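So the structure is just underneath, and the comments pick up after that.
For the single chain, residues carry numbers from 1 onward in sequence order. Just the heavy atoms: all of them, side chains too, but no hydrogens, waters or symmetry mates, feed the values below. Fair warning: this is a prediction, and the values are worked out from it, not measured in the lab.
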Amino acid sequence: MKMKIFRGILFVIGIAICLPVIASALGALKSKRELSDSLAAVIGASGGKISWHLLPFYPTARHLVKLLFYTPEFLSVFWNSVKIVACILFGQMFVAIPAAWAFAKFSFRGRGALYVTYVILMMMPFSVMMLPSYLALNGMKLMDTHFAVILPAVFSTFPVFLMYRSFCAVPKELYEAARIDGAGEWQIFLRIGVPLGSPGILSALVLGFLEYWNMVEQPLAFLSTPSKWPLSLYLPEINLQYAGMALAASVIMLIPAVFVFFMGQDYLEQGIISSGMKG
């Protein structure tokens, strides 16, 4: 009985958390007239209270069609997001995986201090790192280019930390047996380390996609040309005329994140579990 009550409470809380997303998705299907009647009190100058009904009276996909097929700037920022996120994740695989492997399986002078530095950098918010990053990027003449957003993220310390714990969870006996059989370090890394450490690698990819697909501060600080902005900075003018397009843009931006999350949910859970194990 208590378990049913507990599940019921969790269900209600879950619905309450998801309600804004559901309202946005259904709002994108409302007609322009319905949105005007509902939002005139807030966006317009009529005053009064909002009369928002969850389900649209006359569902229409006009806002979605207009956004996807008749708004070139939306498609431009969408592909900007795809380019930026893909380059970041691709670069992280070449930087973070070898770095995590080195921390997990090699002993060298300063290893502990360097790892602590990684952890400290991981905990620092962007507001602390913004000025040093700006000075470095400006010195390299990369400001107002996509590389200004991509390069700092490629060298992020969080995926290194996550992959490191995953590599540490792999039994050392496997590596020692491979060395006895004559395998080199690169063979051990590619044929044993990467496959067995894949939960941490894939969970880092999933978390990285969710973070960088929705990032706002970095492009806002380093990109001054609106045509170079990612999708996370795109929002049509908020008025009664474009309210439907704004809701449609929010829904379209949410779809890839939801898709990646559900596709990688199992890997994400495995990576979190393995990152909590002691090496």
Side-chain angles (χ1 to χ4, degrees), residues 10 14 17-18 21 81-106 111-112 114-126 129 149-175 178 185-219 230-232 253-279:
L10 290 180
I17 293 173
C18 295
V21 177
S81 280
V82 172
K83 172 187 173 182
I84 291 172
V85 174
C87 289
I88 289 173
L89 297 181
F90 188 76
Q92 283 185 350
M93 294 304 97
F94 279 93
V95 174
I97 295 178
W101 174 261
F103 277 125
K105 298 304 173 186
F106 294 103
R111 173 178 173 272
L114 184 60
Y115 182 73
V116 170
T117 303
Y118 262 65
V119 174
I120 293 173
L121 291 173
M122 181 182 67
M123 293 187 295
M124 285 187 176
F126 175 73
M129 302 299 296
V149 179
I150 293 170
L151 282 182
V154 165
F155 295 96
S156 172
T157 58
F158 178 70
V160 177
F161 173 79
L162 198 60
M163 296 175 192
Y164 163 77
R165 299 307 306 170
S166 184
F167 284 138
C168 286
V170 180
K172 295 181 179 179
E173 292 77 10
L174 290 176
Y175 304 117
E185 293 299 329
W186 277 107
Q187 289 178 311
I188 296 173
F189 170 61
L190 294 174
R191 297 185 179 181
I192 299 178
V194 173
L196 295 180
S198 59
I201 296 172
L202 293 173
S203 62
L205 282 173
V206 173
L207 290 175
F209 180 90
L210 297 177
E211 177 183 358
Y212 300 120
W213 183 258
N214 298 295
M215 65 179 172
V216 173
E217 294 175 316
Q218 295 90 328
L231 184 58
S232 55
M253 182 177 178
L254 183 65
I255 291 173
V258 172
F259 176 77
V260 169
F261 175 78
F262 281 108
M263 289 294 293
Q265 185 176 9
D266 293 338
Y267 301 112
L268 184 60
E269 293 175 355
Q270 294 173 19
I272 293 173
I273 293 172
S274 63
S275 66
M277 296 180 181
K278 295 184 179 180

May I ask you to decide if Leu231's main-chain N or O and Ser81's side chain share a donor-acceptor pair within less than 3.5 Å?
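Yes; judged by distance alone, with no hydrogens or angles, the pair exists.
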Which heavy atom of [X] sits nearest a heavy atom of [Y], and at what distance?
X      : Y      : result
Ala104 : Phe167 : CB-CB, 3.7 Å
Pro230 : Ile84  : CB-CD1, 4.3 Å
Leu190 : Pro195 : O-CD, 3.3 Å
Ala178 : Ile192 : CB-CD1, 3.5 Å
Met163 : Ala204 : CE-CB, 3.7 Å

Determine, stepwise, if the pair Trp186 / Phe189 fulfils side chain to side chain contact (heavy atoms under 4.5 Å, CB included).
CA-CA 5 Å; Trp186 277 107; Phe189 170 61; 3.8 Å; yes
Residues two or more places apart in sequence or in another chain: which of them pass side-chain contact (heavy atoms from CB on, under 4.5 Å) with [X]?
X      : result
Ile120 : Val116, Met124
Val82  : Phe78, Trp79, Trp213
Pro125 : Ser127, Val128

May I have the step-by-step check of side chain to side chain contact (heavy atoms under 4.5 Å, CB included) for Val206 and Met263, ending in yes or no?
CA-CA 9 Å; Val206 173; Met263 289 294 293; over 6 Å; no
Which donor-acceptor pairs under 3.5 Å do the side chains of residues 90-100 make with protein atoms, sequence neighbours left out?
residue, atom, partner, partner atom, Å
Gln92, NE2, Ala153, O, 2.8
Gln92, NE2, Tyr212, OH, 3.1

So, do [X] and [Y] sit near enough that their side-chain heavy atoms are less than 4.5 Å apart?
X      : Y      : result
Val85  : Met215 : no
Ile188 : Lys105 : no
Gln218 : Pro152 : no

Under 6.0 Å from the CZ atom of Phe262, do we count more than 12 heavy atoms belonging to anything else shown?
no
Considering residues, nucleotides and ligands other than Arg111, do more than 12 of their heavy atoms fall under 6.0 Å from its CZ?
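For Arg111, atom CZ is crowded (more than 12 foreign heavy atoms under 6.0 Å).
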Going through the distances and angles, do Ile88 and Phe209 end up as a side chain to side chain contact (heavy atoms under 4.5 Å, CB included)?
CA-CA 9 Å; Ile88 289 173; Phe209 180 90; over 6 Å; no
Roughly how far, to the nearest 0.5 Å, is CG of Leu202 from CG of Leu207?
11.0 Å
Hey, what do you get for CE (Met122) to CZ (Phe161), rounding to the nearest 0.5 Å?
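The CZ atom of Phe161 is 5.0 Å from CE of Met122, to the nearest 0.5 Å.
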For Phe126, enumerate each residue passing the ring-ring contact (aromatic ring centres under 6.0 Å, His included) test, keeping only those at least two apart in sequence or located in another chain.
Phe222
Holding to ring-ring contact (aromatic ring centres under 6.0 Å, His included), I want the full list of residues that pass it with Phe103, two or more places apart in sequence or in another chain.
Tyr115, Tyr118
Taking Thr157 as the fixed residue, which of Leu162, Leu121, Thr117, Val119 is the one that meets the side chain to side chain contact (heavy atoms under 4.5 Å, CB included) rule?
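When side chain to side chain contact (heavy atoms under 4.5 Å, CB included) is applied between Thr157 and each of Leu162, Leu121, Thr117, Val119, only Leu121 qualifies.
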